[in-house]
Amino acid sequence: MNRIDAVLIDWGTTNVRAYGIGADGAILERRVSAHGIRNVPDRQFAAAFDALVGDWRASAPVPVLMSGMIGSRQGWAEAPYVACPAGLDDLADGLLSVPDRSGVRIVPGVCLGASASHRDVMRGEEVQCFGALATERIADAVLCLPGTHSKWVRMEGGRLVDFATAMTGEAYEVLRRHSILSALIRDEETGAPGDSRWFAAGLVRSGEPGGLLHHLFSVRADGLFDIVPGEGLADYLSGILIGHEIRSMAGLFPAPRPVLVVGGSGLAAAYRAALSHLEVEARAIDAEKATTSGLFRILSKGRSL
């Protein structure tokens, strides 16, 4: 087996993904753990780290670079935010060394400061943005990163210059599981949301008069009168929320070129279908590739400091 030259870790709230890479950045090994920061008992992050990748560093203390919520106030060590506009050099300059383990560093998050029109923060997505630019070999882009808290990002001249967050995924889970709407929503699998006629119907609804709050109640009303069947209501709700997000964010971040949608095959596919339905050109970027490419570039910058 090829020798692992460095370790890259995407450590989020619920999951951890670790990559043993070679000198050229190629992935040699992958590991996934459910020990996201929310699932580490008594904040024993050092022990969780050793269990995940300790053997990769047993023969030599290869450098480790981590991104995501592991650098939050609830994580292993809090990495300060870098203010926009931010480039790769800014992230490399702001790397935080973890006191518990030699050679282990955390990428800082990115924030919009007092001079911006609004406050916002991200942790982890900034890595994917730079990785996506490298993958596409471009310097300017508008990116959509779907998730619990979806991010829309503008990159110019290879720097992250502006972004905004939409709590679409979290709102969907709260409304589906804990609101009056949940009584009518049936959990039968209907396939990928982007392929559902009821998802498309929700996208159409999002463009009609009345606004988001009115449209959300239509999930209940249309369900009561079987205009939308119970097994289609979850997709209908998803279409309404994602439709409103895209309509709002596309106005904030008009894209002269395709929107780059960074994600896996599920939620990202639904966003691409929604963008296509709303006549916004989009192109898919694999989340793992964007993450590892971004981390490797930051690590390379950091090694030269």
Side-chain angles (χ1 to χ4, degrees), residues 1-12 15-33 35 45-71 75-77 79 82 86-110 123-139 141 143 145 155 157-160 260 262-264 284-305:
M1 187 182 78
N2 294 327
R3 184 178 71 87
I4 289 176
D5 184 69
V7 176
L8 308 177
I9 300 179
D10 174 18
W11 200 326
N15 295 291
V16 189
R17 291 174 174 81
Y19 306 92
I21 63 168
D24 60 352
I27 299 172
L28 305 179
E29 278 197 62
R30 295 173 175 83
R31 290 178 182 171
V32 179
S33 166
H35 285 107
F45 294 108
F49 172 84
D50 290 342
L52 181 64
V53 300
D55 59 315
W56 286 352
R57 307 182 83 216
S59 58
V62 297
V64 179
L65 188 60
M66 304 188 291
S67 66
M69 291 301 288
I70 193 63
W76 195 348
V82 171
L88 279 173
D89 288 336
D90 300 303
L91 296 182
D93 288 342
L95 294 179
L96 175 72
S97 295
V98 175
D100 306 56
R101 291 293 181 274
S102 175
V104 179
R105 294 185 289 179
I106 300 176
V107 178
V110 174
R123 283 197 187 276
E125 294 91 354
E126 71 288 334
V127 167
Q128 293 184 321
C129 290
F130 288 105
L133 286 192
T135 298
E136 292 291 295
R137 298 183 179 180
I138 56 177
L143 302 96
L145 299 95
M155 307 286 288
R159 293 168 66 80
L160 199 160
L260 303 183
V262 181
I285 303 291
D286 179 70
E288 180 184 88
K289 187 172 183 180
T291 297
T292 55
S293 176
L295 281 171
F296 181 69
R297 279 159 177 77
I298 297 168
L299 177 67
S300 300
K301 291 276 186 181
R303 278 172 161 171
S304 65
L305 294 178

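Predicted, not measured: the structure shown is a model, and the values here were computed from it. Residue numbers count from 1 along this sequence.
Here the shortest heavy-atom pairing between Ala287 and Gly264 reads CB-N, 4.2 Å. Smallest separation of non-hydrogen atoms from Ser293 and Ala134: OG-CB, 3.7 Å.
Of the candidates Val64, Leu52, Val104, Val64 is the only one forming a side chain to side chain contact (heavy atoms under 4.5 Å, CB included) with Val7. Here the options are Leu96, Leu91, Ile298, Asp90, the test is side chain to side chain contact (heavy atoms under 4.5 Å, CB included), and the partner is Pro108; only Leu91 passes.
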Show your reasoning for whether side chain to side chain contact (heavy atoms under 4.5 Å, CB included) applies to Arg17 and Thr291.
CA-CA 10 Å; Arg17 291 174 174 81; Thr291 297; over 6 Å; no
Could you check His35 against Phe45 for side chain to side chain contact (heavy atoms under 4.5 Å, CB included), going step by step and ending with a plain yes or no?
CA-CA 9 Å; His35 285 107; Phe45 294 108; over 6 Å; no
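Phe296 places none of its side-chain heavy atoms less than 4.5 Å from the side chain of Asp24. Glu126 has its side chain out of reach of Val82: every pair of non-hydrogen atoms, C-beta onward, lies at least 4.5 Å apart. Inter-residue side-chain proximity for Val107 and Leu95 is flagged as met; some heavy-atom pair is nearer than 4.5 Å. Counting only heavy atoms from C-beta outward, the side chains of Cys129 and Leu145 approach each other to under 4.5 Å. In this structure, Arg101 and Phe49 have side chains that are in contact, with non-hydrogen atoms separated by less than 4.5 Å.
Within the model, atoms CG of Asp10 and CG of Leu295 stand 7.0 Å from one another, a figure rounded to the nearest 0.5 Å. The distance from atom NZ of Lys301 to atom CG of Asp93, rounded to the nearest 0.5 Å, is 9.5 Å. Here the CD1-OG1 distance, from Ile285 to Thr135, works out to 6.0 Å after rounding to the nearest 0.5 Å.
Checked against ring-ring contact (aromatic ring centres under 6.0 Å, His included), Tyr19 has no partners two or more places apart in sequence or in another chain. Asp55 pairs by the salt bridge (Lys or Arg N to Asp or Glu O under 4.0 Å) definition with Arg31, not counting sequence neighbours. Take Ala141 and apply the side-chain contact (heavy atoms from CB on, under 4.5 Å) test, not counting sequence neighbours, and it matches Leu133, Ile138, Leu143, Leu260.
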